[in-house]
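Count residues from 1 along the sequence.
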Amino acid sequence: MTPHMLTRSLDRGATIFLAIVAACGILIPLSNLLLPAGSVLQVPTYLVALWGKYVCYAILALSIDLIWGYCGILSLGHGAFFALGGYAMGMYLMRQIGTRGVYGNPILPDFMVFLNYSKLPWYWYGFDMFWFAALMVLVVPGLLAFCFGWLAFRSRVTGVYLSIITQAMTYALLLAFFRNDFGFGGNNGLTDFKDILGFNVQAEGTRAALFALSCLALILSFLICRSVVSSKLGKVLIAIRDAESRSRFLGYRVESYKLFVFTLSACMAGVAGALYVPQVGIINPSEFAPGNSIEAVIWVAVGGRGTLIGAALGAVVVNYAKTFFTSGMLAPYWLFMLGALFILVTLLLPKGIVGTFNAWWESSKEKRTAATSVSAAAEDGVTEPKMAE
C-alpha cells in the first residue's frame with residue numbers, strides 16, 4: 001500500500017474528515033494538559049476519556065461498514081472481535097500490576113489468587129510484554145475471523161443465516177468468558193489496571209496520549225478502508241454485494257474476497273477494543289453481548305451504510321445521544337428511543353445521514369450544472385429548438 005494509493009483514494013469529504021479528526025487528536029489533548037482547570041476552553045480529563053471511547057466506537061463502525069456497506073456481509077457478532085482485542089490488552093494490563101494487587105502476588109492476578117490457582121495458565125504467557133499483547137490484539141480476532149469465515153463462506157452461507165451464525169458465535173463466547181474456570185476473571189472481567197508501558201493509566205497525560213493514539217488509529221483505519229474500497233478489490237467487493245452469483249459466474253473466487261475483507265475487518269475491531277480498555281478501565285463478558293453488536297450495526301445504518309464517513313459519524317452521534325439520554329429521567333427508555341431512531345432512519349433516511357446528504361448534494365450539483373449550461377447557451381444566442389406545431 002503506497003502513499004500515492006492512499007492519497008489518490010481521498011476526495012474532498014474524506015480530506016475534511018481526516019483534517020477534523022487530526023485536529024481533535026491534537027487540540028483536545030493540548031487543551032486538557034496546557035490550559036488551567038476551570039478555563040472555558042479547557043477540556044476536562046473525564047471528557048477526554050469519554051470522547052476517546054467514542055473514537056474507538058468509530059473504528060468499530062468503520063470495520064462493520066467495510067464488510068456490510070461494501071461487501072454485503074451483515075455481521076451481528078462483530079462485538080466479539082472488539083471484545084477479544086480488549087481482553088488481549090486487558091491481560092497485558094493485569095500482568096503489569098504485579099505486587100501492587102490486593103494479594104501482592106507478583107505473577108498471578110488477584111482473581112486467580114482468590115480462586116486458588118496454583119500457577120499462571122499457559123495462555124497468559126507472554127502477556128507481560130507489550131509487543132506480544134499488541135500482536136495478539138491482531139492475531140486472536142483475525143484468526144477467529146479467518147477460521148469462522150473459511151467455514152461459513154466455503155459453505156456459501158449468506159444473508160440472514162450468516163447474521164444468525166455470527167450472533168450465535170458471540171453469544172457462545174459470552175457464555176465461555178462468564179465462567180471463572182476459563183481464567184479470564186469471570187463475570188467481573190479484568191479491571192483495577194495500574195500502568196501501561198510504565199505510565200499510570202489514570203494520569204491526565206496518559207489519558208491525553210491514549211485519546212491522540214485513538215484518533216491516529218481512526219485515521220489509519222479510514223485510510224486503509226478507503227484504499228480498499230477505491231481499488232480494483234473494492235470494485236469486486238461491490239460486485240459481490242450487488243450480484244454474488246454473477247460475480248462467481250464471471251470467475252471471481254468470491255469466498256477468498258469475502259474471507260480477506262472479513263479478516264481485515266476483525267483485526268480493525270480488535271484494535272478498537274484494545275484502545276478502548278485502558279480508557280474505560282475495565283473489560284468484562286458483557287462486551288460480548290449480542291445487543292452490543294446489533295447496536296454497532298445501527299450506528300452504521302444511522303450514519304450511512306457504504307460511506308465510511310457516515311459510519312464513524314453515526315457511532316459518535318448515537319453514543320453521544322446515549323450518554324445524554326441515559327443520564328436523566330429518560331434513561332429507562334433509551335432502548336426504545338434507539339429502536340425508534342433505527343425505524344425512522346430506515347423509513348425516512350434509508351441511505352443514512354451522510355448518504356442522504358451526498359444524494360442531495362449530487363442532485364443540486366446537477367441542477368446547478370444544467371442551469372449554468374442553459375444560461376451560457378442563452379448568452380451565446382443558442383436557443384432550444386421548438387417543437388413543430
Side-chain angles (χ1 to χ4, degrees), residues 1 59-85 88 135-176 221 224-273 288-290 292-301 305-308 311:
M1 187 181 302
I59 300 174
L60 175 61
L62 276 180
S63 70
I64 295 175
D65 194 28
L66 179 63
I67 58 171
W68 184 35
Y70 292 93
C71 196
I73 303 172
L74 177 55
S75 171
L76 296 181
H78 243 56
F81 306 124
F82 179 85
L84 287 173
L135 182 63
M136 290 300 104
V137 165
L138 297 173
V139 170
V140 174
L143 184 60
L144 175 62
F146 181 85
C147 296
F148 175 87
W150 188 82
L151 294 172
F153 302 142
R154 181 172 174 267
S155 303
R156 298 190 180 182
V157 180
T158 59
V160 65
Y161 303 103
L162 180 64
S163 301
I164 293 173
I165 293 175
T166 56
Q167 196 170 37
M169 174 192 68
T170 188
Y171 188 68
L173 289 170
L174 168 68
L175 296 179
S221 299
I224 291 173
C225 291
R226 285 287 299 191
S227 63
V228 168
V229 302
S230 61
S231 64
K232 293 181 180 180
L233 170 61
K235 307 303 180 187
V236 177
L237 294 178
I238 294 174
I240 293 172
R241 179 196 67 187
D242 296 337
E244 180 175 334
S245 299
R246 185 175 299 179
S247 301
R248 184 177 286 109
F249 178 77
L250 292 174
Y252 290 103
R253 295 180 61 88
V254 172
E255 294 78 14
S256 299
Y257 285 96
K258 282 187 170 183
L259 185 59
F260 168 76
V261 74
F262 190 71
T263 305
L264 174 62
S265 175
C267 292
M268 290 173 52
V271 171
F288 287 102
N292 292 348
S293 299
I294 296 174
E295 190 173 326
V297 171
I298 294 177
W299 305 340
V300 178
R305 174 191 173 194
T307 60
L308 294 182

Q: Take L144 and L173, measure what side chain to side chain contact (heavy atoms under 4.5 Å, CB included) needs, and give me the verdict at the end.
A: CA-CA 11 Å; L144 175 62; L173 289 170; 4.0 Å; yes

From [X] atom [atom1] to [Y] atom [atom2], the distance as rounded to the nearest 0.5 Å:
X	Y	atom1	atom2	result
R253	I240	CZ	CD1	11.5 Å
L151	S155	CG	OG	6.5 Å
C267	L138	SG	CG	5.5 Å
T307	D65	OG1	CG	5.5 Å
I165	S75	CD1	OG	11.5 Å
L308	I224	CG	CD1	12.0 Å

Has the side chain of [X] got a donor or acceptor atom that lies under 3.5 Å from a matching backbone atom of [Y]?
X	Y	value
Y70	I238	no
R241	G69	yes
S265	L66	no
T170	F288	yes
S247	A243	yes

Please report the shortest heavy-atom distance between [X] and [Y], naming the atom on each side.
X	Y	result
F81	A269	CB-CB, 3.9 Å
A88	V137	CB-CG2, 3.9 Å
P141	G270	CG-CA, 4.0 Å
A80	S293	N-OG, 4.4 Å
I67	V261	CG2-O, 3.6 Å
H78	S63	CD2-OG, 3.5 Å

Q. How far apart are the C-alpha atoms of N292 and F82, what are their side-chain angles, what is the distance that settles it, and do they pass the side chain to side chain contact (heavy atoms under 4.5 Å, CB included) test?
A. CA-CA 10 Å; N292 292 348; F82 179 85; over 6 Å; no

Q: Dump the intermediate steps for side chain to side chain contact (heavy atoms under 4.5 Å, CB included) on V254 and K258, then the final yes or no.
A: CA-CA 6 Å; V254 172; K258 282 187 170 183; 4.0 Å; yes

Q.
Checking ring-ring contact (aromatic ring centres under 6.0 Å, His included) between F153 and each of F262, Y257, F260, which is the one that passes?
A. F262

Q) Taking everything shown except R248 itself, do over 12 heavy atoms lie less than 6.0 Å from its CZ? A)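 Yes - once you tally the heavy atoms of other residues, nucleotides and ligands closer than 6.0 Å, there are more than 12.
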
